[in-house]
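As structure tokens, the structure follows; a few thoughts come after it.
Note that the numbering runs from 1 along the sequence shown for the chain. This is a predicted model, so every value here is computed, not measured.
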Amino acid sequence: MNKIISYAIPVLIIGIILTGVFIVIPNLQNQEKDKVQVGKEERFRTFNSAEEIKNFLIENTKRDGMMPWFISFSPPIPPHPSLPPSVRISSVIEPYSLPVTYTGFPPPPGPPPPLPTPTFTPVPPSADTLMSTASAPTYYSKTNVQVEGVDEADIVKTDGEYIYAFINKEIVIVKAYPVEEARIVSKINIQALQNQWYPQVWLYVYQDKLIVIFVKEHGMAIQEITVTSPSVEYAYTIPYYYPLIYTTVLVYNIKERSNPNLEWNVTMEGSYVASRMIKENVYIITANPIISNEVKLPVIYNNDEKIQVKPSDIYYTPYADFAFQMTMLVNLNVINQNLEYKGFLLGATNTIYVSLKNIYITQYIYSLRWFQGTLKQSTEQDYTVIHRINIQNGIKYEAVGKVPGFLLNQFSMDEYKEYFRVATTSLIFTVSAFTVAPTETTIFNPPPISPPPIPTTSNNIYILNMDLQIVGKIENIEIGERIYSVRFVQEKCYLVTFRQIDPFFVIDLSDVKNPKILGYLKIPGFSTYLHPINETMILGIGQEEWSQVKISLFDVSDFNNPKEVSKIIIGNRSQHAFSEALYEHKAFLFDPLRKLIILPFLISNHKFYSINGTVQIYNHTIPIRWDVFTDWQGVLVFEIKDKIYLKGNVTHMNFEEIFKIVQEKLMNRDYYFYIEIIDKAIKRALFIEDFLYTISDSKIKINNIHTLEEIKEIKLN
């Protein structure tokens, strides 16, 4: 079973890509044309006309045995940023406290109960007060990012004095520090978001600029696609429905926080892929699917000016994919309002990495041979194409290369001292042993279809120069497993693979031509996120069992002999635990001065209620008892000393209030409780000086970060 699970995710990736796409695979004659030799003279060419783009697409899809029409999908919009608590009706069990398991040391005493919230009389501040920065704090948290100096968009931002949050389809600006002045100072209502069920919004803050990014669908378009297969004699037309998606960037002047002023509106055709901000420059990457062989170039709206992207703005390389899309890279300077853009005709854009000098865009390409039963075990089956765009002085497309395998996420890549390091998992397909050949005694009508070959995985580290040529590598790390987390820290790489146990590898990259594994540790479970605490400690967040979240502390002072010196397990089989930080690094909050780790958690079956009532059945009053279980949602605060300790927790849930809501609804035969408590889920946490701020859709709660006692809360709705 574990072996099957380890293969499921790579195969699922391929399945998702193919969902909804009707492909007729013809018999290929020239299989060996998959490997494309790319010369420097071919790498950085642009098109001269839309007709040239169309011919390029037709030629490349024909060359790789595909249909002369093209469907491409942009990456899916990420799920709602927080997983809210829920209420269930079930059988009776004993109530539990937070399920925490310590290893190797006794639990510390629990935190003191929170004090009653003091009453403040808010005094409306003047505009001068809101613009003052004389009392601005010097120590506050920022969004947890991969590269220092390269900011990443998130739903909550702070500049140390104000908090900017996307709450209930509005942008809320809150005076956060000093605590005595904490209050809402303004709200920005974006009308375009009001009709969306779960609008996706991302924020940046730079000096007196607030940058808001959101995606909007503008109805559905119908495209009729004529499918003609070279292996058959017929053709037919199918309708294809697809959304018209636009990505909008709004730049507000917030010098006067109580009165934000919209000063720049840029809207781009295409769905949002990713973004980064370096000083005053915001880099946006969007994807424009090519639905048919009628090439439609994207449009950018700069305030009221319509900018039509030209064929000469579109770069291309001979790396062919199963489908194509226009990937746009747009640079917005929010200070002088300069706009620069370049387009790239690529396959589906998967993952990006951004340093202070370069943007790396990747696309994962797999071989079609394994669908056609023509695989050879020695043949390279899948690879990731990497495009390097220099952003030091404008947007310059400078290099393209490829490595075998696929990437886990952005942490699978790193730029260090003019070298680019990549960690991949490769799929090695072996020919299935279940293929049945027809004989005289067997009748097949229709002929049998051989099952797809069985995939085997291997893991690799590649070191590339700035021309994206491989100069060093380690391949076939833990055959049959796949990468679950990776972190590059200067000349070292920390790598976690998993199938049945968790090998934690320490890899030396100081010799770029000869990287080597220094040491490894095998422990139960796996880590999905690694975070360096200091030069000798790495923190891992993962799972030991499917119902648990494990927080591990690794000592890597001896690179040849890494050790797990401490761990805490949250959850058990009756109280399942989940943390958004498992898969979203921006939900991870680390206070390096106080060695605190603050993580959002959802723990099931935390509270139990037994509610007695009656129901009417055929004019008879029947007594009934409802057994109700509610989840706990909040943040857990951990402290690193000699070990990891649970310091305490903060939640926005009021279980007495929830009990009253549930009881009232049950008496009225209303069993829909979910929406009543969804806004209590904490989305993000941050700290400013000695105060911890937790943000949900309903409130911002302020606690003393040393004692976790409640200081104040600000209602948001």
Side-chain angles (χ1 to χ4, degrees), residues 79-88 95-103 107-108 110-111 114 141 144 154-156 525-529 531 539-553 566-591 596-608 629-640 644-655 658 674 677-687 692-701 703 705 708 710:
H80 195 258
S82 60
L83 184 62
S86 60
V87 177
R88 291 176 300 284
Y96 288 83
S97 59
L98 292 180
V100 182
T101 303
Y102 293 85
T103 300
S141 62
N144 181 33
D154 201 8
I155 55 176
V156 174
F526 57 88
S527 298
T528 59
Y529 176 68
H531 191 90
L539 187 85
I541 302 174
Q543 293 178 294
E544 190 159 305
E545 292 186 4
W546 66 274
S547 61
Q548 300 173 339
V549 174
K550 181 180 72 169
I551 303 172
S552 299
L553 188 63
S566 178
K567 72 175 180 180
I568 290 182
I569 295 177
I570 309 296
N572 52 48
R573 293 188 179 183
S574 61
Q575 291 182 281
H576 303 165
F578 173 81
S579 176
E580 188 184 357
L582 285 167
Y583 302 101
E584 174 56 90
H585 64 277
K586 286 174 278 193
F588 179 93
L589 177 60
F590 177 53
D591 180 351
L596 298 179
I597 299 164
I598 297 98
L599 305 177
F601 267 88
L602 174 69
I603 300 173
S604 66
N605 297 336
H606 172 69
K607 204 76 172 176
F608 165 75
F629 301 84
T630 62
D631 297 344
W632 183 93
Q633 201 281 341
V635 297
L636 298 184
V637 181
F638 303 91
E639 185 173 10
I640 300 177
I644 305 175
Y645 298 91
L646 177 62
K647 183 180 180 68
N649 67 84
V650 176
T651 182
H652 291 192
M653 300 182 69
N654 184 326
F655 288 99
I658 292 174
Y674 188 74
I677 56 176
I678 190 173
D679 62 348
K680 304 299 190 299
I682 294 177
K683 294 181 172 182
R684 291 289 186 268
L686 58 91
F687 64 82
L692 174 64
Y693 297 76
T694 51
I695 299 97
S696 68
D697 281 344
S698 63
K699 68 181 72 172
I700 295 179
K701 184 177 284 190
N703 294 70
I705 201 167
L708 298 184
E710 185 176 328

Partner set under side chain to side chain contact (heavy atoms under 4.5 Å, CB included) for S141, not counting sequence neighbours:
L589, L686, F687

Find the distance between NZ (K701) and CG (N703) and round it off to the nearest 0.5 Å.
6.5 Å

Using modelled atom types and a 3.5 Å cut-off, is there a donor and acceptor pairing between side-chain atoms of [X] and backbone atoms of [Y]?
X    : Y    : value
E545 : N572 : no
S566 : I644 : yes
S527 : G542 : no
S552 : G540 : no
D631 : N605 : yes

May I ask you to test the H576-W546 pair for a side-chain heavy-atom distance under 4.5 Å?
yes

Using side chain to side chain donor-acceptor pair (under 3.5 Å) as the criterion, list what pairs up with S698, not counting sequence neighbours.
S696

Just say parallel, tilted or perpendicular for the rings of H531 and F590, cut-offs at 30° and 60°.
perpendicular

Using the ring of each side chain (for Trp, its six-membered ring), is F578 parallel, tilted or perpendicular to Y583, with breaks at 30° and 60°?
parallel

L636 vs L599, side-chain contact (heavy atoms from CB on, under 4.5 Å): CA-CA, chis, key distance, verdict
CA-CA 6 Å; L636 298 184; L599 305 177; 5.6 Å; no

